[in-house]
Visitor: 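If you scroll down you'll find the structure; I have some questions about it.
Any value given below was found using the heavy atoms of this structure, including those in side chains, with hydrogens, waters and symmetry copies removed. Being a predicted model, the structure only gives us computed values, none of them experimental. Atoms within each ligand, like the ligands themselves, are counted from 1 in listed order.
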Amino acid sequence: MPKSVAIAIGAHPDDIEFYMAGTVLLLKKAGFEAHYLNLASGNCGSVEHNSTTTRSVRLTEARAAAKILGAQFHPTITNDLEIFYTPELLRSLTAVVREVKPGIILTHPPQDYMEDHTNTCRLAVTAAFARGMPNFRSTPSRPVADYETTIYHCMPHSLRDGLRRLVIPGAFVNTTSVQPKKREALAAHKSQQNWLDVSQGMNSYLLAMEDSSLELGRMGGKFKHAEGWRRHLHVGFCKLDSDPLRDALGRNCLINKTYEDSLG
Ligand SMILES: [Zn+2]
């Protein structure tokens, strides 16, 4: 039942579009129901507007992006730089997971360049873990259910962890066919053009996304544009060999043998 449902859980509006949207689009094409959730509102992503205005602009942009991706939008649960590993946020996120019952969860990697991303990953993993635990209360209350779910971590920003180490994906997903749509979804975050230029020295956030997907394509050696994924350990979530992303995407999902061999 839950195997044909996927949810992308990002930290900020535009993270899903940067790192995960190509895979979301391909899962949609494969018949999956897709869900879209940014934990934070994006309220700090501006040097021109105050927090309230920025939050409202970014909510509109995120809704538009989710629509382009054909994904069901879920409201944010906190603000930028306030994504902490707290019982409150965990209860809110667990409610979404219990409602959606995803067979595939796409989220940030365990180490990334900023803590909002890292904490989003931690919260997503535990919310998934709590899906069938009746003694953990979600907010709002949602019925628990026991089913298999598999978690995949996207690439960190710059393809490096916080200690500058290059991160190699366990799987490359061929996003070439959906690249224009992915670009369109990212471009829906118009307010971020100026902000990312000023704050992070990106000439254009669209170009930055394009460069990253081309680099991942080169890394995998098979596809022009790619997104990279690492599958979470199965314990507490699914069977040892469950890999629903590979099963759903077929030839568009290249398992990185070098990575698999390195796992021991
Ligand atoms: Zn982010």
Visitor: We want to know whether His117 and Asp112 form a side-chain donor-acceptor pair, criterion being a heavy-atom distance below 3.5 angstrom.
Guide: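 Their side chains do contain a donor-acceptor pair, which is all the 3.5 Å distance test asks for.
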Visitor: Count the heavy atoms belonging to other residues, nucleotides or ligands that lie under 6.0 Å from CZ of Phe73, then report whether that count exceeds 12.
Guide: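 It does: Phe73 CZ has more than 12 such atoms within range.
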Visitor: Looking at His157, His153, Glu227, which hits side-chain hydrogen bond (donor to acceptor under 3.5 Å, both in side chains) with Tyr19?
Guide: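 By the side-chain hydrogen bond (donor to acceptor under 3.5 Å, both in side chains) criterion, Tyr19 pairs with just one of His157, His153, Glu227: His157.
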Visitor: Distance-only check: which donor-acceptor pairs under 3.5 Å involve side-chain atoms of residues 257-264, not counting sequence neighbours?
Guide:
from	atom 1	to	atom 2	distance (Å)
Lys257	NZ	Asp261	OD2	3.2
Ser262	OG	Tyr259	O	2.6

Visitor: The Zn ion (ligand 1): which protein N, O or S atoms are under 2.8 Å away?
Guide: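 Hits for the Zn ion (ligand 1) below 2.8 Å: His12 ND1, Asp15 OD1, Asp15 OD2, His117 NE2.
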Visitor: Does the pair Arg165 and Gln111 meet the rule for a side chain to side chain donor-acceptor pair (under 3.5 Å), with working shown?
Guide: CA-CA 10 Å; Arg165 291 172 296 207; Gln111 288 95 30; 5.4 Å; no
Visitor: Side chains of Asn174 and His225: do they bring a donor and an acceptor to under 3.5 Å?
Guide: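 No, His225 and Asn174 have no side-chain donor paired with an acceptor closer than 3.5 Å.
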